[in-house]
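In the text below, chain A, chain B and the rest are named by the order of the sequence lines, each starting its count at 1. Not measured: the values here are computed from a predicted model.
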There are 2 protein chains.
Amino acid sequence: MATISEVAAKANVSVATVSRVLNGSCKVSEERRRRVLQAVEELQYEPNLVGRMLRKSETRTLLVVFSIMLPDLIRGIKDAAAAAGYEVILQYSPGPDTDASQFAMLYRGMADGAILPEIQIDRTLLASLYDHFTIVQCGETTNDPQAHVVAVNNEEIACQMTRYLIEQGRKRIATVGIGDCQGNPAYFSRERREGARRALAEIGIPLDRQLHLDVQTGYRGGAEAADYFLSLPERPDAIFCFQDTVAVGCMQSLRRQGVAVPEDIAVAGFDDLEICRFIDPPLTSVKQPFYEIGREAVRTWMIIHHDQPKRSIGRQVRLAARLVLRESTGGSPVVVD
Amino acid sequence: MATISEVAAKANVSVATVSRVLNGSCKVSEERRRRVLQAVEELQYEPNLVGRMLRKSETRTLLVVFSIMLPDLIRGIKDAAAAAGYEVILQYSPGPDTDASQFAMLYRGMADGAILPEIQIDRTLLASLYDHFTIVQCGETTNDPQAHVVAVNNEEIACQMTRYLIEQGRKRIATVGIGDCQGNPAYFSRERREGARRALAEIGIPLDRQLHLDVQTGYRGGAEAADYFLSLPERPDAIFCFQDTVAVGCMQSLRRQGVAVPEDIAVAGFDDLEICRFIDPPLTSVKQPFYEIGREAVRTWMIIHHDQPKRSIGRQVRLAARLVLRESTGGSPVVVD
DNA sequence: CTTTAATTTGTAATCGATTTCCTTCTATTT
DNA sequence: AAATAGAAGGAAATCGATTACAAATTAAAG
């Protein structure tokens, strides 16, 4: 790989001139500019990012730590970052709790800040990240007024979904949320459950503790939830899972035990992953605008990073989601806006 | 974030001494070492990777460009990289063809080399990558003897799967491979198809061109394949898809059109993703040892990078896969080693 | 008690880029 | 033709770490 001095030597100019040609400060004569560009071409020169980062004390790189792969969200992040001249580096953090090791890139100066999509993380660790860097969370929410969050309006859309289930004649409506290792529900689960509670309250049904539990993310968690509900003396007639993978696992376990979906128990999910259309019965879900969430998260990051005095009020963006109705909840399949 | 000079100032030593304490060259007096470690502790100092990379002209970072998310594979890569003292940065490259922009990190000096899991990529681009960097491919294969590849023995295991389908009484066995935008099949598809061909040849059935096609990766490709097969005058009685997502899409389309799986048509997949156990009927598949593939890919990278003269013979590692038999192919569900 | 060897420590160069500062050159004005 | 303003380009500092080399200190040997 060629360096700037090799380009300078080949073009017979100083390194300063090469840098000026490539970075726009346009006080370079046409003749020299041509020579430089030709040398760049011939040597296939690409400026070394490490050198630039060091000199500028800025990496122009965003760290994205994700726990579940949402292609549209990643695309939204990448597109918005590219538009702002930033690189993106991804870190995969499996498991319900994200630990400090995932942020080594941040602490060691390889990124200017981070976007945390759908990440559950210890409050203390999160606070220390906020102290040192610009951090934007998305998907997962929080009640911390200083946090920067981009997410859908969980409570509202969960309320709508629950109302829809009620319209379909369901009365014993269960919910399955996502919890971390210690069994604390994710904050988005609380919001969604609150929406469900509100819809039930509207028709005078109080919250039945038995019908609401939190599991770990993934198919297995859904299967466990189904087994639990089937063990109850009074089974639910609808199960609203706060993630599609959980709903898929739930449906599988119900079917295996001879329970018909949606006839005996309706099942709804959340996220509207592609799999929803490809399982049997197709799964009713909540479509999150993942691409827009990713894009907004980066825009928010840019705003905070450039304009914001440290540790002021958090910026919280809520986007609209919509119901996607399919066969798993009975009724006729439509998309409700 | 503190720098090495701040640590040096606080400990009242030179920066060289701080570096020596932290990098092991152990000729530092106990007294000074203690002072340095205390300053490091108090300032929460973490060496800046950008500075280190520049000085050492080495990033100790691997770029991983992936097109489909395989958690175990990523874990295998991360674990092996960490064991060798390397960082990993992920890049997501959706779509069937990976273009040069995904490798900017490499060309701009942010990584020493790359691992390419399940990546389909233009030969010319790949060759130019091999010219400049240490590259290891995994999952996807190639017939280039200079390439470094870690993968399962596709032909052998596909042959076994096809034999199993034949044992189950199937005779018209179709295959669905993965192709890129131009319709060229991925190399792993060719290998798997050759295995299927061999198994059919063993019982005297010649290859029927009509029964073998390539689609784009994902559920939709599988649905398209199913539609095509159902349009044939003589339908197949088994469909062997070379990716699980394709098989899932295929089954959905078959079911929607009233075709019973496995009674009318058996379906088998490849990869043994978690979803296989959670759809109905559970999907027979080929279990790839993804964690080991990731680990071997990194080990291979290290060997090539440190020992190898440029552009010598490629290192090709083949690992064993095994059949996972479930209801989608009839028969009794078992795992065959 | 000196001389020499061994060990520890600090100074300064280095990696590749950007940018400040200063010099050189050209063009304009009087 | 001289004076001055303005433009263009080069030399050198800078970012944060590592490390070769030189200097300083200590230990060992005579």
Atom-pair distance (CZ on A:Arg20; P on C:dT19), nearest Å: 11 Å
B:Arg35: partners by salt bridge (charged side-chain N to carboxylate O under 4.0 Å, His left out), with sequence neighbours left out: B:Glu31
Sugar-phosphate, base or nothing in reach of A:Val13, heavy atoms under 4.0 Å: sugar-phosphate
Nucleotide N/O of nucleotides 22-24 of chain C paired with protein N/O under 3.5 Å:
none

Listed partners of A:Tyr107 passing ring-ring contact (aromatic ring centres under 6.0 Å, His included), at least two apart: A:Phe133
Filtered N/O pairs between nucleotides 15-17 of chain D and protein, under 3.5 Å:
residue : atom : partner : partner atom : Å
D:dC15  : O2   : A:Leu54 : O            : 3.4
D:dC15  : O2   : A:Arg55 : N            : 3.0
D:dG16  : N2   : B:Gly51 : O            : 2.9
D:dA17  : OP1  : B:Tyr45 : OH           : 3.0
D:dA17  : OP1  : B:Asn48 : N            : 2.7
D:dA17  : OP2  : B:Ile4  : N            : 2.3
D:dA17  : O5'  : B:Tyr45 : OH           : 3.2

A:Glu30 CD to D:dA8 P, straight-line distance once rounded to whole Å: 11 Å
Atom-to-atom span, CD of B:Glu58 to C1' of C:dT14 - whole angstrom: 16 Å
Listed partners of A:Glu58 passing salt bridge (charged side-chain N to carboxylate O under 4.0 Å, His left out), at least two apart: A:Arg60
Terminal axes of the helix from C:dC1-D:dG30 to C:dT30-D:dA1 (five pairs each): angle between them, nearest 10 degrees: 60°
Rounded interatomic separation in angstrom, taking CD from B:Glu31 and P from D:dT26: 13 Å
Length of the line joining A:Arg60:CZ and C:dA17:P, which is rounded to integer Å: 18 Å
Listed once per pair and sorted, the salt bridge (charged side-chain N to carboxylate O under 4.0 Å, His left out) pairs that draw on residues 64-80 of chain B, sequence neighbours left out: B:Asp72-B:Arg75
Which pairs of donor and acceptor atoms, one on a side chain in residues 40-47 of chain B, lie under 3.5 Å apart (sequence neighbours left out)?
residue : atom : partner : partner atom : Å
B:Glu42 : OE1  : B:Lys10 : NZ           : 3.4
B:Glu42 : OE2  : B:Gln38 : NE2          : 2.9

Separation of D:dT19 P from B:Leu22 CG (nearest whole Å): 12 Å
Geometric class of the A:Tyr130/A:His148 ring pair [parallel <30°, tilted 30-60°, perpendicular >60°]: tilted
Residues in salt bridge (charged side-chain N to carboxylate O under 4.0 Å, His left out) contact with B:Arg55, at least two apart in sequence or another chain: none
Side chains of A:Gln288 and A:Asp271, donor plus acceptor under 3.5 Å: yes
Phosphate OP1/OP2 of D:dA7 contacted by A:Ser29 side-chain N/O (<4.0 Å): no
Contact list for residues 92-117 of chain A, test salt bridge (charged side-chain N to carboxylate O under 4.0 Å, His left out), sequence neighbours left out: none
For atom CZ of A:Arg33 and atom C1' of D:dA7, their distance in whole Å: 14 Å
Residues which pass ring-ring contact (aromatic ring centres under 6.0 Å, His included) with B:Tyr92, listed by chain and number, not counting sequence neighbours: B:Phe66
Set of side chain to side chain contact (heavy atoms under 4.5 Å, CB included) partners for B:Thr217, sequence neighbours left out: B:Ile178, B:Gln243, B:Thr245
Under 4.0 angstrom between A:Arg32 side-chain N/O and D:dG10 OP1 or OP2: yes
